[in-house]
Amino acid sequence: MNTNADIAAQRRDEEDARLVTGAADILAGIASLLGLVALGAALAVLGPFVGPVIAAAAAGLAIPLVKQRNFAFSGIVLAASFAVGVFVLASIIDMASGLVVAGAMAWFWHAYRVPFAGALVVAAPVATLILGMGEILETAWGGGGPLQSLAAGIILFTAAMAVDMSDPERETRRSGIAFWLHIFAAPCLVHGIFLIGGFDPSATQPIAAIPVLAIVALLALVALVIDRRPLLASSIGYVAYALASLGEGLAIETRLIAVSLTLGIGILALAAFWSPLRRAALLLVPSALKEKLPAAGAFVPPPKPVAPETPAEEEPVRLVSGFNDIFVVMGTLPVAFGAWIVAGVWLYQSGIVTRGALSEDWLWRTMTALLIPGVAIWLVAEFFVRVRRMAFPAIVLAGQFAFVAFFVGGLFGYAAINPEGRDLSGFRDGIDPLGVVIACLVSALLNVLFAFRHRVPFALAMAAAALLPMFFIDLLASTDPASTLPEPTETSVRIRLLLAGALAAGLGVWLDLSDRERRTQSSDTAFWLHMLASLLLVPNLFHFAATGEAVLLGAVVIFLGLAIFALAVNRRAGLIVGLPFLAWALGDTFEGFGSSSLAMLVFSGLVLWAAIKWQELRAALFAWIDQDERSGI
């Protein structure tokens, strides 16, 4: 029984794509990018001949990161860097440079099987020969040259369909090539069509709504038939303008609500009913063509986030499963935005302000208004997170709900210290400690409820973040003019942030110890707690240690400490957050762009070496600890 083929057949309508493998992949990708940028800056004196050096370095890094470990994000970074390196040298021959890049990317695809590289085989010559490298963004995103944009879109779309039809079941990496070709083709094709038709959003005259919506409906039909969403994603801006023009003359808040909710609900409805709509759309397709297209598959929960062929990823994390994740997020954002506007309009029209002052029941009316965005976000999560188990929408929706929970918690805290709720004096005259505690606990509890209901580890990290103000209770109370508490200092604030970060890291380690094999959601929760801890710890550690005359020494000591902790707990969040701060310290220490680039190159190389030799270094660290313990007995 071919289980992988069955999963691919059932999930074809989700438009899956390997974009990020896990935390090890993210660290390696960021370190690779920083190192290659530093290499280019250090050898800038070579002019265009620095290109082959960058390309060779990218190809060399692809051996351990892509060929051996099959890292998805690192593969995209290295393929793009290889293409840039080749183009820098090939740009000497101007128009033919795209053909040179195409040939180089064909080799990269053959050697490493990175779908992004395979897509550039077609996209590179189209970019240089049709769009012109200097005008790619301008022609593709609504500037001059609509004919060139349309021509480029047609060629890229044709190539994407040819690759798609060669793998209708989407079982091979050719499907990944088609995915990227559709990503490249959609903006060129969509904007070319609309600009040639005279529908320019940048023009002063309003857009004719009905023709625009008719074109978008046709594009939606094509997207359903071919089972690809980029055409729809590229049309969203035009749909928004068209809907806004239909409401010409209405109040601005009414237009915003109508456009946001109509657009968002429409996108979510398409995402929710994609498979049945595809089945209906395929009835219009001749049988000869239908055989070359993917069948309308039924939804099943996603497979494990790390594929069996990626054993080198010891810190898996689900971020983005495919373009359907991104498409759903495009729908959740306007729905949440519209819900907040509805809440604000209802609150104002309910008479919360009377004669220039807040009404007596303003507090409870405000809490009622917050139900509107809260319930809207919760209902969207009920289907796309709880049922569909979509990773990226789960993170975004949890973040949106945490924002609602923050305000709800604040209102409950205020109600506790000012039951009458007649004014905001409690905030002006200093915040009562009891109110802070209640606000934090209510906000954290709401996030916990969201996490357990929808099984979203990120929401538990948001619950931990909601408790952060409790570390500043005395500082918040000192805002009262009558308070005798000392004024807060920057140092005291940073020390408290360090303490909060240490507690978050400790909780992450405790969860890791409860799931050593990292097979449950405890591991995912631990990942986000380590990320939260790093965001609190790393900036403040660098502030205290990497200051004065020993900036570089302090930065190196902090980074080495982060590296030892990361190896001990097998978590890379501290290194991911710490890399930019290390880069800043290097730039601040070394005078001249070349010197700092050379130093950054060295440290990036060390980080990459550690990423590649991670397990060996962990084994050496534990062996050293065991030896040290034995010698102390």
Side-chain angles (χ1 to χ4, degrees), residues 17-19 29 32-33 36 39-40 48-133 136 140 148 151-168 170-189 228 230 292 309:
R18 292 186 69 243
L19 301 176
S32 298
L33 182 60
L36 291 171
L39 177 62
F49 295 100
V50 72
V53 180
I54 296 174
L61 289 173
I63 295 174
L65 298 179
V66 181
K67 199 163 190 175
Q68 296 177 3
R69 287 165 175 77
N70 202 16
F71 284 167
F73 176 66
S74 298
I76 295 170
V77 169
L78 294 174
S81 301
F82 183 83
V84 170
V86 173
F87 176 75
V88 167
L89 179 63
S91 60
I92 299 175
I93 55 178
D94 197 20
M95 295 298 290
S97 58
L99 297 175
V100 176
V101 173
M105 298 316 297
W107 172 83
F108 196 95
W109 157 252
H110 178 75
Y112 303 111
R113 292 293 188 235
V114 177
F116 184 77
L120 288 180
V121 174
V122 180
V126 169
T128 55
L129 296 176
I130 297 179
L131 296 179
M133 285 303 299
I136 287 178
Q148 294 95 319
I154 291 173
I155 294 173
L156 291 169
F157 182 78
T158 303
M161 289 306 304
V163 178
D164 256 343
M165 289 181 176
S166 71
D167 180 23
R170 298 188 178 173
E171 296 177 321
T172 71
R173 298 199 184 198
R174 292 197 302 276
S175 176
I177 296 176
F179 167 82
W180 286 108
L181 285 173
H182 280 291
I183 294 292
F184 298 150
C188 297
L189 189 61
R228 293 292 187 184
K292 298 180 180 180
E309 68 270 17

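Along the sequence shown, residues carry numbers from 1.
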Quick check: does any side chain N or O of [X] sit under 3.5 Å from a backbone N or O of [Y], one acting as donor and the other as acceptor?
X: R173; Y: V114; value: no
X: D167; Y: R174; value: no
X: S175; Y: E171; value: no

Give the minimum heavy-atom separation between [X] and [Y], together with the two atoms involved.
X: V121; Y: A106; value: CG2-N, 3.5 Å
X: G29; Y: V77; value: O-CG1, 3.8 Å
X: F108; Y: A62; value: CZ-CB, 4.1 Å
X: A102; Y: A124; value: N-CB, 4.3 Å
X: A55; Y: F82; value: O-CD1, 3.1 Å
X: G176; Y: P115; value: C-CB, 3.4 Å

Quiz item: Can you tell me how far OG1 of T158 sits from CG of L189, rounded to the nearest 0.5 angstrom?
Solution: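 The distance works out to 9.0 Å.
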Atom CZ in F179, atom CZ in R170: separation rounded to 0.5 Å?
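One gets 10.5 Å once the value is rounded to the nearest 0.5 Å.
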Check ion pair K292-D164 (N to O, under 4.0 angstrom)
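Here K292 does not pair with D164 in a salt bridge, since their nearest N and O are not under 4.0 Å apart.
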Between [Y] and [X], is there a side-chain heavy-atom distance shorter than 4.5 Å?
X: W107; Y: Y112; result: yes
X: F73; Y: L19; result: no
X: L120; Y: F184; result: yes
X: M161; Y: H182; result: yes
X: V66; Y: L78; result: yes
X: I54; Y: V84; result: no

Parallel, tilted or perpendicular: ring planes of F116 versus W180, cut at 30 and 60 degrees:
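Rings of F116 and W180: perpendicular, as their planes differ by over 60°.
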- Between V100, V101, I155, L99, which is the residue that forms a side chain to side chain contact (heavy atoms under 4.5 Å, CB included) with P125?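 For P125, the side chain to side chain contact (heavy atoms under 4.5 Å, CB included) check succeeds only for L99.
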